[in-house]
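The structure appears right after this line, and notes come after that.
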Amino acid sequence: MTLRTEDTAPWIFTIGLFVFWEAVCRIFSVDSFILPAPSEIFAAAVKYAGPLWRNSFVTLWTTLVGFLLAVGFGLLLGLVVGWSRTIYRGLYPVMIGFNSIPKVAVVPILVVWFGVGEVPAIITAFLISFFPIVVNVATGLATIEPEMEDVLRALGASKLDVMLKIGIPRAMPYFFGSLKVAITLAFVGAVVSETLAANAGLGHLMTQAGSNFQMPLVFAGLLALAIEGIGMYAVCAWLEYRMTGWAHRSTMNA
Amino acid sequence: MIELDDVTLAYRGRTGPVLALQGTSLKVGRGEFAAVVGPSGCGKSTLMKLVTGLVKPTQGRVLVDGQEVAGPVKIAGMAFQNANMLPWRTVLENVLLPLEIVEPYRSKFRAEKKQYVARAEKLLDTVGLSGFGSRFPWEMSGGMQQRASLCRSLIHDPSLLMLDEPFAALDAFTREELWCVLRDVWERIGFTVVLVTHDLREAAFLADTIHVMSARPGRIIETRKVELPRPRDLEICYDPRFSDLVQVLRHKIAEVRQA
């Protein structure tokens with residue numbers, strides 16, 4: 001019984017939010033230009049279903065391409081950084097500095113280099129999302145139990161052996177955990193770039209709708225973003241669970 | 001088998017050089033069960049690292065099997081207070097881990113895997129874990145994990161077993177059970193054991209010789225032969241000779257703690 005309430009809770013809360021929103025808009029008769037009611041937003045979503053689909057798809061693929069680049073690069077850099085203390089110490093300040101730069105500030109540069117379009121979106125998604133992957137993989141490698149390392153090293157294991165047998169499997173839960181953070185960031189990056197300079201994508205659609213004063217459509221765009229974000233997060237969470245279920249079960253029992 | 005000859009070890013700590021061991025000399029014969037006891041922080045674990053070749057002495061010599069230790073000795077099995085099982089491997093795969101690392105097993109691992117698995121299962125059997133090979137470590141109790149850890153340290157037929165407080169985290173009953181497991185395995189196979197512990201009863205029950213270390217910088221200040229007859233069983237813990245020995249050791253450690 002408790003389980004069923006728990007399972008339906010996300011739906012109840014989501015629907016509750018929309019009902020509350022609708023009620024507030026009606027009771028206080030809020031101007032739909034300031035805050036459109038959910039009913040108007042849904043109506044706009046149905047009316048502009050075609051453009052919403054097309055642009056959602058553009059945002060989806062730019063995000064995914066940027067994200068996949070970040071996974072590859074982040075995994076590689078994370079392994080390198082976690083491998084050697086010297087590299088870790090040397091590269092860390094640089095990476096933190098790089099990560100501190102708001103990626104919005106980079107988009108104009110990317111536009112100068114690559115022109116308006118999908119490429120800046122992909123690169124922004126990549127730039128914003130590789131950092132958590134690097135940090136997590138490196139942390140997984142750097143926190144090998146020293147005793148476990150001793151056991152292997154006393155047997156004559158090389159650094160590579162220790163990494164292959166312990167470090168990398170150990171870093172996997174960290175890696176898959178970071179994907180959930182990275183995908184959301186990649187999404188943010190892609191949309192930011194689209195908002196500033198693109199010919200397509202949800203960010204572009206919303207800017208256009210905004211300048212045409214079509215507020216319900218702007219909010220429909222937001223809704224599409226939220227749905228897409230949840231979907232991609234869910235895929236990453238599922239992947240994490242499938243790949244490193246042992247980590248969840250072991251912490252639950254430990 | 002093991003000889004430490006006037007060994008000093010200093011390392012750079014956070015606040016300057018730390019002297020872990022100073023002028024330590026120690027001899028352990030082949031097939032002997034030696035225990036090292038001492039107050040906490042006396043460098044017992046450093047001793048383990050020296051013997052297994054993980055650290056080099058600042059001064060003096062460490063000999064294992066008549067040869068000066070220059071790198072990892074490869075003939076040693078190790079077990080620690082924490083069982084350190086890899087949670088993504090089953091118990092059996094955990095036990096097999098050393099064979100994936102150390103020669104000559106490493107290069108034959110794929111070809112002879114069946115034989116190695118049989119060997120691991122036999123070893124699991126001797127510590128009372130038969131049928132648990134396909135479980136994951138986190139599905140087992142601390143005592144069972146420690147048994148598996150013992151198997152892992154023995155799978156490659158080491159002639160030397162280094163144990164660093166392996167039973168310290170277990171409850172009293174499990175601990176005594178595992179004393180007997182270790183005793184039986186040792187009596188059957190006959191490897192050399194160095195057991196670092198702060199449990200004096202454990203040392204007296206298991207060991208042939210007990211070495212007492214001083215507080216840091218560590219030094220062996222006393223070596224005692226345990227004259228209790230073998231085979232010993234747990235009843236011997238109530239023997240007056242046993243209590244006398246523990247008493248003497250306790251006083252000795254109390255002395256060095258105050259000094």
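First the proteins, then the strands, lettered A, B, ... as listed; each starts at 1.
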Exercise for review: Indicate the atoms forming the closest heavy-atom contact of B:Met78 with A:Asp150, along with that distance.
Suggested key: SD-O, 3.9 Å
Check your understanding: Heavy-atom count around B:Phe109 CZ within 6.0 Å, excluding the residue itself: above 12?
Key -> yes
Point to revise | Close side-chain approach of B:Tyr105 and A:Leu155, heavy atoms under 4.5 Å | key: no
Review point. Would a 4.5 Å heavy-atom cut-off, applied to side chains only, mark A:Glu145 and B:Asn82 as touching?
Key: no
Check your understanding: So does B:Gln59 have more than 12 non-hydrogen atoms from other groups sitting under 6.0 Å from CD?
Key -> no
Review point. Can you tell which of A:Lys165, A:Glu147, A:Met148 has the highest number of heavy-atom pairs within less than 4.5 Å of chain B?
Key: A:Glu147
Review point. Taking all non-hydrogen atoms of both residues, which atom of B:Pro72 and which atom of A:Ala154 are closest, and how far apart?
Key: CB-O, 3.8 Å
Check your understanding: Just wondering, more than 12 heavy atoms not from B:Lys49 lying within 6.0 Å of its NZ?
Key -> no
Point to revise | Under 4.5 Å from a heavy atom of chain A, the part of B:Leu54 involved | key: both
Revision key, fill the gap. Output for pair (B:Ile101 CD1, A:Asp161 CG), nearest 0.5 Å, gives 4.5 Å
Review point. If you count heavy-atom pairs under 4.5 Å with chain A, which of B:Met48, B:Glu103, B:Met162, B:Arg106 comes out on top?
Key: B:Arg106
Check your understanding: About how many Å separate CD1 of A:Ile166 and CH2 of B:Trp88, when rounded to the nearest 0.5 Å?
Key -> 6.5 Å
Exercise for review: Go through A:Val151 and B:Asn84 one step at a time and tell me if the side chain to side chain contact (heavy atoms under 4.5 Å, CB included) criterion holds.
Suggested key: CA-CA 9 Å; A:Val151 168; B:Asn84 281 314; 5.6 Å; no
Review point. Is A:Lys159 atom NZ crowded by more than 12 heavy atoms from other residues, nucleotides or ligands, each under 6.0 Å away?
Key: yes
